[in-house]
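This chain uses plain numbering: 1 for the first residue, then up along the sequence. Excluded from the calculations below are hydrogen atoms, water molecules and symmetry mates; all remaining heavy atoms, backbone and side chain alike, are included.
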Amino acid sequence: MDWSWVLAIAILLVLLGYEVYQYTMRKKALTILTEEEFKKDYRKAQLIDVREPKEFDAGHILGARNIPMSQMKARKAEIRQDLPVYLYCQSAQRSNRAAIMLYKAGYTNVFQLKGGYKRWTGKTKSK
């Protein structure tokens, strides 16, 4: 038997398992909102942009705070657990990870902008 096939199948199974785990955690950790749903209530929530500072400075949703995903673990205490948390990034990948991290830390009211900032048509601000 060719062991390279066995190794390839094992790697594929591990990757598939990881994707299933991520999907399950996302379902538990956050609610994905369309832009219309997001616009309805984001001013009553903590609006967090998890992109890096250069991306944030180039343009962000009006009223957002910048807590980059790379700093989320160290700065999550800045986010209140008793208020809704609205997250976004460029395309929803980093905000998925941020939501899972917050969920594991006890946050239960987390929402994400579907499609991320690149699909946002509302008011923005840049430096």
Side-chain angles (χ1 to χ4, degrees):
M1 176 182 252
D2 186 1
W3 289 103
S4 61
W5 280 103
V6 173
L7 180 60
I9 291 171
I11 290 171
L12 284 174
L13 287 175
V14 168
L15 291 173
L16 179 63
Y18 178 75
E19 287 301 318
V20 169
Y21 170 77
Q22 286 291 340
Y23 176 80
T24 303
M25 288 302 294
R26 263 194 311 272
K27 285 295 206 185
K28 289 179 184 178
L30 65 89
T31 302
I32 298 172
L33 301 177
T34 64
E35 182 175 341
E36 294 76 32
E37 294 168 327
F38 198 87
K39 283 180 179 176
K40 188 175 139 193
D41 291 323
Y42 82 91
R43 293 182 189 270
K44 301 174 193 170
Q46 302 169 90
L47 180 59
I48 311 293
D49 183 325
V50 299
R51 298 176 303 155
E52 292 302 312
K54 285 184 180 182
E55 295 172 284
F56 181 81
D57 290 346
H60 57 272
I61 297 174
L62 190 62
R65 273 191 298 164
N66 186 218
I67 301 179
M69 181 58 210
S70 61
Q71 300 172 15
M72 183 63 70
K73 193 171 193 173
R75 295 181 58 191
K76 70 179 176 262
E78 296 175 31
I79 304 170
R80 293 175 50 175
Q81 288 192 7
D82 62 331
L83 293 174
V85 179
Y86 276 46
L87 299 172
Y88 74 92
C89 63
Q90 192 65 24
S91 64
Q93 295 301 315
R94 288 174 279 186
S95 54
N96 278 333
R97 291 195 324 265
I100 291 168
M101 183 183 298
L102 292 172
Y103 174 77
K104 288 179 178 179
Y107 293 78
T108 57
N109 206 3
V110 180
F111 301 88
Q112 177 194 55
L113 175 61
K114 183 178 182 177
Y117 182 74
K118 71 180 180 182
R119 295 215 177 139
W120 179 256
T121 62
K123 293 182 181 180
T124 62
K125 181 180 180 181
S126 58
K127 288 188 177 181

Query - Hydrophobic cluster (4.5 angstrom, side-chain heavy atoms) - remaining members for Y18 - result: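 Y18 clusters with nothing; isolated.
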Heavy atoms, side chains only, cut-off 4.5 Å: are [X] and [Y] in contact?
{"X": "L87", "Y": "V110", "answer": "yes"}
{"X": "N66", "Y": "H60", "answer": "no"}
{"X": "M101", "Y": "M69", "answer": "yes"}

**Report entry** R65, CZ: over 12 other non-hydrogen atoms inside 6.0 angstrom
**Finding:**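 More than 12 heavy atoms, drawn from other residues, nucleotides or ligands, come within 6.0 Å of this atom.
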Query raised in the report: Are any side-chain N or O atoms of Q90 and backbone N or O atoms of R51, one a donor and one an acceptor, separated by less than 3.5 Å?
Result: no
Query raised in the report: Taking the side chain from E55 and the backbone from E52, do they hold a donor-acceptor pair closer than 3.5 Å?
Result: yes
Taking a hydrophobic cluster as the set of Ile, Leu, Val, Met, Phe, Trp and Tyr residues connected by side-chain heavy atoms closer than 4.5 Å, whether directly or through intermediates, do [X] and [Y] fall within one such cluster?
{"X": "I32", "Y": "V50", "result": "yes"}
{"X": "Y117", "Y": "L47", "result": "yes"}
{"X": "L15", "Y": "L7", "result": "yes"}

Locate the shortest heavy-atom distance separating [X] from [Y]; write the atom from each residue and the value.
{"X": "A29", "Y": "A99", "result": "CB-O, 3.6 Å"}
{"X": "P53", "Y": "P68", "result": "CD-CG, 3.8 Å"}
{"X": "Y107", "Y": "K76", "result": "OH-O, 2.8 Å"}
{"X": "Y88", "Y": "L113", "result": "CB-CB, 3.9 Å"}
{"X": "Y42", "Y": "L62", "result": "CE1-O, 3.7 Å"}
{"X": "V85", "Y": "R80", "result": "CG2-O, 4.1 Å"}

Quick one: [atom1] on [X] to [atom2] on [Y], what's the gap to the nearest 0.5 Å?
{"X": "L102", "Y": "N109", "atom1": "CG", "atom2": "CG", "answer": "11.5 Å"}
{"X": "R75", "Y": "S70", "atom1": "CZ", "atom2": "OG", "answer": "9.0 Å"}
{"X": "I100", "Y": "R97", "atom1": "CD1", "atom2": "CZ", "answer": "9.0 Å"}
{"X": "D41", "Y": "R43", "atom1": "CG", "atom2": "CZ", "answer": "11.5 Å"}
{"X": "I79", "Y": "Q46", "atom1": "CD1", "atom2": "CD", "answer": "6.5 Å"}
{"X": "I48", "Y": "Q112", "atom1": "CD1", "atom2": "CD", "answer": "14.0 Å"}

Requested in this report: Return the set of residues passing ring-ring contact (aromatic ring centres under 6.0 Å, His included) with F111 (not counting sequence neighbours), or none when no residue passes.
Outcome: Y86
**Report entry** E35: partners by salt bridge (Lys or Arg N to Asp or Glu O under 4.0 Å), with sequence neighbours left out
**Finding:** K39
Report task. Kindly determine whether Y103 and L30 satisfy side-chain contact (heavy atoms from CB on, under 4.5 Å), including the steps that lead there. Result -> CA-CA 8 Å; Y103 174 77; L30 65 89; over 6 Å; no
